[in-house]
Amino acid sequence: MQKPLLIIGNKNYSSWSLRAWLLLTAFEIEFEEQPIELFDESALPILEAHAPTGKVPVLVSGEGDQRVTVWDTLAIAMYANSFLTDKDIWTGNLKSEVNKDDNRHRIDSAYCQSIVAEMHSGLTGIRNEMPMNIRATAKIQPSSACLADIARIEAIFAECLKGRSEDSFLFGAFTAADAFFAPVVLRLQTYAKASGLALQPTTQQYCQTMRNNLHLQAWITSALKETRIITEDESGEIISLSGVLAN
């Protein structure tokens with residue numbers, strides 16, 4: 001069977017691409033990767049052929065009359081859960097081992113879906129003021145909306161990780177929630193310390209757990225090899241740079 005094709009943007013900047021890529025990778029779903037340059041004319045033919053909204057990521061699965069095109073990261077996650085993996089992306093458990101009458105499964109699944117949807121549709125303060133910029137350390141003056149989002153994110157982390165081991169993902173095993181909050185981890189790495197923002201110990205530990213994840217490290221390594229600067233996705237006072245541009 002032909003592998004699905006995932007169309008993504010620049011790895012240094014494209015947070016939604018990271019979410020889809022990390023989800024597929026972490027759940028061992030084999031796919032082909034098609035990078036495009038964000039805000040560049042070279043991307044137009046690919047986007048016009050595959051992306052009804054003109055945005056990434058886009059997943060193309062199958063061919064001919066069996067071809068399915070899935071746009072929007074949340075839709076990609078739901079499609080992957082339904083058709084591409086034997087694991088449940090909301091709990092990280094094998095579907096064959098899931099007892100749907102189990103109260104713990106219901107609670108974790110509902111909570112995971114809720115915070116993924118919240119990340120997908122809300123938290124615009126941090127998304128607008130702290131755009132993902134993996135190579136940079138930058139200082140900003142966060143608004144009250146941005147600070148409220150960070151407080152909400154820290155509350156989510158604290159609730160999910162309560163009673164779990166220090167190196168735990170949000171629901172124990174890796175789930176869609178970890179994939180969807182991965183760009184938040186990288187945003188905090190870029191801006192929090194440089195901007196004088198003190199993070200809770202639980203947040204710091206979870207961010208370290210995510211940074212230790214080999215799949216996320218692979219994305220970061222690729223991002224640091226990129227040389228293009230996209231001014232639309234730059235924010236704040238740049239303190240330092242990592243990767244190719246630091247040389």
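The closest donor-acceptor contact from the side chain of Ser235 to the backbone of Pro131 lies at 3.5 Å or more, if one exists at all. Between the Asp178 side chain and the Leu170 main chain, a donor and an acceptor come within less than 3.5 Å of each other. Looking at Gln205, its side chain does come within 3.5 Å of a backbone N or O of Glu166 through a donor-acceptor pair.
Qualifying ring-ring contact (aromatic ring centres under 6.0 Å, His included) partners for Phe27, counting only residues two or more places apart in sequence or in other chains: none. In this structure Asn93 satisfies the side chain to side chain donor-acceptor pair (under 3.5 Å) test together with Thr91, sequence neighbours excluded.
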| field | Derivation of the side-chain contact (heavy atoms from CB on, under 4.5 Å) call for Phe39 and Asp233 | value | CA-CA 10 Å; Phe39 309 113; Asp233 285 331; 3.9 Å; yes
| Between Leu6 and Glu33, does a side-chain contact (heavy atoms from CB on, under 4.5 Å) hold up when you go through it step by step? | CA-CA 5 Å; Leu6 183 68; Glu33 184 178 317; 5.7 Å; no
| request: Please lay out, stage by stage, how Gln113 and Ser109 fare under the test side chain to side chain donor-acceptor pair (under 3.5 Å). | output: CA-CA 6 Å; Gln113 292 176 39; Ser109 182; 2.9 Å; yes
| task | Evaluate side-chain contact (heavy atoms from CB on, under 4.5 Å) for Ser15 paired with Arg187, printing each intermediate quantity in order. | result | CA-CA 10 Å; Ser15 58; Arg187 285 178 163 105; 3.7 Å; yes
| request: Check the pair Arg152 / Leu123 against side-chain contact (heavy atoms from CB on, under 4.5 Å), numbers first and verdict last. | output: CA-CA 9 Å; Arg152 172 59 186 149; Leu123 302 172; 4.1 Å; yes
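Ile126 and Tyr13 fall into different hydrophobic clusters, where Ile, Leu, Val, Met, Phe, Trp and Tyr are joined by side-chain heavy atoms under 4.5 Å apart, directly or via other members. No continuous path of hydrophobic side-chain contacts links Leu188 to Leu241 [ILVMFWY only; heavy atoms under 4.5 Å]. In terms of hydrophobic clustering, with Ile, Leu, Val, Met, Phe, Trp and Tyr side chains grouped at heavy-atom distances under 4.5 Å, Leu38 and Trp219 are assigned to different clusters. Residue Ile36 is not grouped with residue Leu22 when hydrophobic side chains (ILVMFWY) are merged at heavy-atom distances under 4.5 angstrom, including chains of intermediate members. One hydrophobic cluster holds both Ile29 and Val70 under the rule that ILVMFWY side chains link at heavy-atom gaps under 4.5 Å.
The line from OG of Ser82 to NZ of Lys95 is 6.5 Å long, rounded to the nearest 0.5 Å. The distance from atom CG of Asp149 to atom OG of Ser144, rounded to the nearest 0.5 Å, is 10.0 Å. The CD1 atom of Ile156 sits 8.5 Å away from the CE atom of Met119 when rounded to the nearest 0.5 Å. Atom OG1 of Thr175 is separated from atom OH of Tyr111 by 12.0 Å, given to the nearest 0.5 angstrom. The structure places CZ of Arg211 at 4.5 Å from CD of Gln208, a figure rounded to the nearest 0.5 Å. Interatomic distance, CD of Glu63 versus CG of Asp65, reported as 10.0 Å (0.5 Å rounding).
Of the candidates Phe180, Trp90, Phe169, Phe169 is the only one forming a ring-ring contact (aromatic ring centres under 6.0 Å, His included) with Phe174. Applying the side chain to side chain contact (heavy atoms under 4.5 Å, CB included) test between Leu59 and each of Thr69, Ile7, Ile8, Leu24 identifies Leu24 as the sole match.
Taking a 6.0 Å sphere around CD of Gln217, one finds it holds more than 12 heavy atoms contributed by other residues, nucleotides or ligands. Residue Asn212 qualifies as enclosed at atom CG: its count of foreign heavy atoms under 6.0 Å is above 12. Heavy atoms from other residues, nucleotides or ligands lying under 6.0 Å from CD of Glu41 number 12 at most. Counting heavy-atom neighbours within 6.0 Å of Lys225 NZ, excluding the residue itself, gives a total of 12 or less.
When all heavy atoms of Leu224 and Arg135 are compared, the pair lying nearest together is CD2-CA, 3.7 Å. When all heavy atoms of Cys146 and Met130 are compared, the closest pair comes out as SG-CE, 4.1 Å. Considering every non-hydrogen atom in both Trp71 and Thr53, the closest pair reads CD1-CG2, 3.7 Å. Looking at every heavy atom in both residues, Phe171 comes nearest to Cys160 through CZ-SG, 3.8 Å. Across all their heavy atoms, Met132 and Pro183 have their closest contact at SD-CB, 3.9 Å. For Tyr191 against Ile140, the heavy-atom pair with the smallest separation is CD2-CG2, 3.7 Å.
Within the 4.5 Å cutoff, no side-chain heavy atoms of Thr137 are placed close to those of Ile238. By the 4.5 Å heavy-atom criterion applied to side chains, Leu18 and Leu186 are counted as neighbours. The closest side-chain heavy-atom distance from Val58 to Leu47 is not below 4.5 Å. Contact check for Thr202 versus Glu154: no side-chain heavy atoms found under the 4.5 Å cut-off. Contact annotation: the side chain of Val60 never approaches that of Val68 to less than 4.5 Å [non-hydrogen atoms, C-beta and beyond]. Annotation: side chain of Ile76 is not in contact with side chain of Trp21 (no heavy-atom distance under 4.5 Å). In this structure the side chain of Asn81 reaches within 4.5 angstrom of the side chain of Asp88, judged on heavy atoms. Proximity of Pro57 to Thr73: side-chain heavy atoms (C-beta onward) are separated by under 4.5 Å at one or more points.
Proximity of the aromatic rings of Phe181 and Phe157 is defined here by a centroid distance below 6.0 angstrom, and this criterion is met.
In the model, Asp72 has no side-chain atom that pairs as donor or acceptor with a side-chain atom of Tyr79 under 3.5 Å. There is no side-chain donor-acceptor pair under 3.5 Å between Glu37 and Ser42.
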